[in-house]
Structure formats: C-alpha cells, structure tokens
Asker: 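Here you go, one structure.
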Amino acid sequence: MARWLITGCSTGFGREIAGAALAAGHDAVVTARRADAVRDFAEEFGDRALAVALDVTDAGQIAAALSAAEAAFGGVDVLVNNAGHGYLSAVEEGEDAEVRKLFEVNYFGAVNMIKAVLPGMRARGSGHIINMSSMTGLVANPPNAYYSSTKFALEAITEALATEVRPLGIKVTAIEPGAFRTDWATRSMKESGTPIADYVDVAARKDLIKQFADHLPGDPKKVAEAVLMVTTLDEPPLRLLLGRDVLKAMRDKIAALSASIEEWKSVTKDVNFEGS
C-alpha cells in the first residue's frame, strides 16, 4: 500500500481520487483550502485518512502538510496535483490580477508541491508524481486561452521533470481529461469581468461551456480508477488521455501539425548556413 497526498479534494476529480485511493487500502493526506470540506474522509476511513487544510500558494501550509504526512504515514509515495480553477476570457479581456492568480494556483501551486515532495522521494529512490492537466493543456481554444496557458506550462514541467527524475526511481505522469461532469465550469469557474462586445464568438463559447457543464460525457469516477491504475505500473505513460473528445482533439491537432510541417519544410530547412 502507498502513501498519497492529493490536493484540491473538496469536489471533482480530487474527491473521487481520494475516495478511490482510500477504498483501495492506501493511506492518504486529503487536502482542501478548508479542512472541514474533507473531514468526512477521516470519519469514514479513520487513521488512514488525514484531513489537512492546504492552499497550494501558501508555503507555510505546504510545509505543514508535508510534516503531517511524515508524522502520520512516514512520507509521501504518490503526489496528485489536482488543485486548480478555470477562467473564461478572450485574451484582450484578461484581467492581470486574475490571470496571475490563475498561474499561482494552477502552475506555481503544482510546482510548489513537486519541490516539497521530491527530497523525500529522492531519499527513498521511489515515488510517483501525478499532475492533473487537461485537454486544454494539449489543444488551446477560446475562451480558455489563459487556463490553457497554465496547463501548457504544467505540461512542459511534467515532461522535463520526468526525464530529470527517471534515473532516481521517480515516475511522473500527466493526466489529460477531456470534458467531465465536475464543477470545473460551475462553482470553481471564474470569468473576466470586462467583456468586450466585439468578441461575440468568445462570448458564445463561454455560454456553451456554462450551459453544458452538468451534461458533459465524462465520468469522474473513471478518472479516479485510471489514476489508481497508472500508479501500479512499472512503466507508466508520460501522458494519459481520458475521454473520446481529447483523443479526437489530439489526433486532429497532430494531423494538422504534420500537414503544416510538410507544407513549410522547404522554408524550415532553408535557414541554415550553406553546408550546415
């Protein structure tokens, strides 16, 4: 059995992953900004579930969560970086303070957690870091330009980190969900307060996201099952796509990128010095 630490467990993927890990017999530090929001895990699973208040932008709370994990379980074998929120906006509409806050939580919060668990994982020569990314971390569309930017950044650090820590016995995986029935587009969604009338198509896309939030095809419980499965593998994938929509989106993107590369390869190859 492994020792887990999961961020953002009050609702959505985080709650499902925490429940699945505990039901499978693992120990888990279950976190949310308010510990009361995850206290029910401790009530149901007893000493195997530790409910901890954690804001991933707060260095003191991160240190306290790691100390609690050490005291209760002796360390962290699996980190799941799930905490985050959305933000709907055209690029020009983006409010600087809100965009920076988005990066603080979605990107720097994950980085903070990674840096916090790595010393223990390095010392043990094992561990698995799971970064909850998104289809929007692979394919960017309005009105998710800024949210996608945080996830694209998370993709980059996931990819580089995996190469850095593989020789140390540590595994790294990005989970790439498509459209799932969580509260991402409702309770935890933020939106620009300065809409610009010219961006009618962006506004229409915002409305669609909000209208279909409770009717999306993906089952969050199956994401939790997939995350548990990945942590059992000797050679887990760097990226695990979850959902038919993300599979289609990535295939379409790869096809378009390949076609563009072929179309422009003469220009691509014609910029080196002669003979180089």
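It should be emphasised that the depicted structure is a prediction, and the values quoted were computed from it without experimental measurement.
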Asker: Are L66 and I114 linked, directly or through other ILVMFWY residues, by side chains that come within less than 4.5 angstrom of each other?
Answerer: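 Yes; tracing contacts between hydrophobic side chains, which count when under 4.5 Å, links both residues.
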
Asker: Under 3.5 Å, is there a donor-acceptor pair between the side chain of N131 and the main chain of A110?
Answerer: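 Such a contact is absent between N131 side chain and A110 backbone.
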
Asker: Do I209 and P143 have side chains that get closer than 4.5 Å, going by heavy atoms?
Answerer: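 Yes; the side chains approach each other to less than 4.5 Å.
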
Asker: Among the clusters formed by ILVMFWY side chains lying less than 4.5 Å apart, do I62 and V52 turn up in the same one?
Answerer: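 Linked within one cluster.
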
Asker: Roughly how far, to the nearest 0.5 Å, is the OG atom of S10 from the CZ atom of R33?
Answerer: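 R33 atom CZ to S10 atom OG measures 7.5 Å (nearest 0.5 Å).
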
Asker: What is the distance from atom CG of L50 to atom CZ of R3, rounded to the nearest 0.5 Å?
Answerer: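 It comes to 13.5 Å.
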
Asker: Please lay out, stage by stage, how L88 and K190 fare under the test side chain to side chain contact (heavy atoms under 4.5 Å, CB included).
Answerer: CA-CA 6 Å; L88 302 180; K190 296 186 178 182; over 6 Å; no

Asker: Please name the pair of heavy atoms, one in V105 and one in G84, separated by the smallest distance, quoted to 0.1 Å.
Answerer: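 That would be CG1-CA, 3.8 Å.
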
Asker: Has N112 got a side-chain atom pairing as donor or acceptor with V56's backbone, closer than 3.5 angstrom?
Answerer: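 Pair found, side chain donor or acceptor close to backbone of V56.
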
Asker: Given 3.5 Å as the limit, does a donor-acceptor pair link the side chain of R205 with the main chain of P142, or not?
Answerer: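 Yes; at least one donor-acceptor contact below 3.5 Å.
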
Asker: Applying side-chain hydrogen bond (donor to acceptor under 3.5 Å, both in side chains), can you list everything that pairs with R166, at least two apart in sequence or on another chain?
Answerer: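 None.
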
Asker: I want to check something: taking the side chain as every heavy atom from C-beta on, are M113 and V111 in contact at a cut-off of under 4.5 Å?
Answerer: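 Contact flag for M113/V111 side chains = no.
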
Asker: State whether the number of non-hydrogen atoms from other residues, nucleotides or ligands found under 6.0 Å of D47 atom CG is greater than 12.
Answerer: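 No, because the 6.0 Å sphere around CG of D47 holds 12 heavy atoms or fewer from other groups.
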
Asker: Give me the atom names and distance for the closest heavy-atom approach of A24 to L228.
Answerer: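 Of all heavy-atom pairs spanning A24 and L228, the closest is CB-CD2, 3.7 Å.
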
Asker: Ignoring hydrogens and geometry beyond distance, is a side-chain donor-acceptor pair present between Y199 and E92 at under 3.5 Å?
Answerer: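 Note: Y199 and E92 side chains meet the donor-acceptor criterion.
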
Asker: How about T268 and I261: do any of their side-chain heavy atoms sit closer than 4.5 Å?
Answerer: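 Contact flag for T268/I261 side chains = no.
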
Asker: Test V78 against L5 for side chain to side chain contact (heavy atoms under 4.5 Å, CB included), laying out the working first.
Answerer: CA-CA 6 Å; V78 179; L5 192 159; over 6 Å; no

Asker: If you define the side chain from C-beta out and look only at heavy atoms, does anything of T7 sit under 4.5 Å from V80?
Answerer: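 Sidechains of V80 and T7: no contact.
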
Asker: Between E176 and S133, is any side-chain donor less than 3.5 angstrom from a side-chain acceptor?
Answerer: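 On atom types as modelled, these side chains qualify, holding a pair under 3.5 Å.
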
Asker: With a 4.0 Å cut-off, would you call K248 and D245 a salt bridge?
Answerer: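 No, this pair does not count.
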
Asker: Spell out, as yes or no, whether a donor-acceptor pair under 3.5 Å connects the side chain of Y147 to the backbone of T136.
Answerer: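 Looks like no, no N/O pair under 3.5 Å.
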
Asker: Among the clusters formed by ILVMFWY side chains lying less than 4.5 Å apart, do L208 and V202 turn up in the same one?
Answerer: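 Different clusters: L208 never reaches V202 through Ile, Leu, Val, Met, Phe, Trp or Tyr contacts under 4.5 Å.
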
Asker: Should side-chain heavy atoms under 4.5 Å link Ile, Leu, Val, Met, Phe, Trp and Tyr, which residues sit in the same cluster as V30?
Answerer: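 Taking Ile, Leu, Val, Met, Phe, Trp and Tyr as members, V30 shares its hydrophobic cluster with L22, V38, F41, F45.
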
Asker: So, taking the atom named CG in L247 and the one named CE in M135, what distance separates them when rounded to the nearest 0.5 Å?
Answerer: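 Nearest 0.5 Å value for the CG-CE distance: 11.0 Å.
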
Asker: Mind checking the CD-OG spacing from E98 to S192? Nearest 0.5 Å is all I need.
Answerer: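 If I round to the nearest 0.5 Å, the distance is 9.0 Å.
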
Asker: Check E93 against K206 and note the closest heavy-atom contact, atom names and distance.
Answerer: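 Result for this residue pair: OE1-NZ, 3.1 Å.
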
Asker: Let me confirm one number: the CG-OG1 distance from L102 to T150, rounded to the nearest 0.5 Å.
Answerer: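 Rounded to the nearest 0.5 Å, the CG-OG1 separation comes to 5.0 Å.
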
Asker: Hey, is E104 close enough to K101 for a salt bridge, meaning N to O under 4.0 Å?
Answerer: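 Not counted as a salt bridge, because no side-chain N and carboxylate O are separated by less than 4.0 Å.
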
Asker: Taking 4.0 angstrom as the limit, do K222 and E225 come out as a salt bridge?
Answerer: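 Salt bridge flag = no for E225 with K222.
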
Asker: Side-chain contact test, heavy atoms from C-beta onward, threshold under 4.5 Å: evaluate it for R251 versus I254 and give yes or no.
Answerer: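 Side chain of R251 against side chain of I254, heavy atoms only: no contact under 4.5 Å found.
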
Asker: Please confirm whether the backbone N or O of I6 pairs with a side-chain atom of T31, one donor and one acceptor, at under 3.5 Å?
Answerer: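 Present.
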
Asker: Flag yes if V172 and V76 sit in one hydrophobic cluster, no otherwise; membership is Ile, Leu, Val, Met, Phe, Trp, Tyr, and two members link when side-chain heavy atoms are under 4.5 Å apart.
Answerer: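 The answer is yes; both residues are in one hydrophobic cluster.
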
Asker: Using a 4.5 Å cut-off on heavy atoms from C-beta on, say whether the side chain of W4 contacts that of V227.
Answerer: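 Yes; the side chains approach each other to less than 4.5 Å.
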
Asker: Using every non-hydrogen atom in the two residues, find where E159 and L238 come nearest and quote the distance to one decimal.
Answerer: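 In terms of heavy atoms, the two residues are closest at CG-CD2, 4.0 Å.
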
Asker: Is the shortest side-chain N to carboxylate O distance from R239 to E155 below 4.0 Å?
Answerer: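 Counted as a salt bridge, because a side-chain N and a carboxylate O are separated by less than 4.0 Å.
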
Asker: Does a side-chain heavy-atom distance below 4.5 Å link I170 with E164?
Answerer: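 No - every pair of side-chain heavy atoms lies 4.5 Å or more apart.
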
Asker: Given 3.5 Å as the limit, does a donor-acceptor pair link the side chain of K171 with the main chain of V230, or not?
Answerer: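 No, K171 side chain to V230 backbone: no donor-acceptor pair under 3.5 Å.
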
Asker: So do the side chains of D77 and T231 get within less than 4.5 Å of each other, counting heavy atoms only?
Answerer: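 No, side chains not in contact.
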
Asker: Just verifying a value: how many Å separate K115 NZ and F108 CZ, rounded to the nearest 0.5 Å?
Answerer: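 The NZ atom of K115 sits 9.5 Å away from the CZ atom of F108.
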
Asker: Counting only N and O atoms by type, is there a donor-acceptor contact under 3.5 Å from the side chain of D58 to the main-chain atoms of Q61?
Answerer: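 Between the backbone of Q61 and the side chain of D58 there is a qualifying donor-acceptor contact (under 3.5 Å).
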
Asker: When you compare the side chains of E95 and Y87, does any donor N or O come within less than 3.5 Å of an acceptor on the partner?
Answerer: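 Side-chain D/A pair, E95 to Y87: present.
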
Asker: Report whether F73 and L118 are members of the same hydrophobic cluster (ILVMFWY, side-chain heavy atoms less than 4.5 Å apart, transitive linking).
Answerer: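 Result: yes, single cluster for both.
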
Asker: So which atom in Y107 and which in L154 form the shortest heavy-atom distance, rounded to 0.1 Å?
Answerer: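 Heavy atoms only, the tightest pair is CD1-N, 3.8 Å.
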
Asker: Apply side chain to side chain contact (heavy atoms under 4.5 Å, CB included) to residues N81 and I130 and explain how you reach the verdict.
Answerer: CA-CA 6 Å; N81 276 317; I130 304 284; over 6 Å; no

Asker: Any ion pair linking D40 and R15 (charged N to carboxylate O, less than 4.0 Å)?
Answerer: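 D40 and R15: salt-bridged.
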
Asker: Please name the pair of heavy atoms, one in I175 and one in L242, separated by the smallest distance, quoted to 0.1 Å.
Answerer: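 In terms of heavy atoms, the two residues are closest at CG2-CD1, 3.6 Å.
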
Asker: Could you check whether any side-chain N or O of S89 sits under 3.5 Å from a backbone N or O of V91, counting only pairs where one atom can act as donor and the other as acceptor?
Answerer: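 Answer holds: no.
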
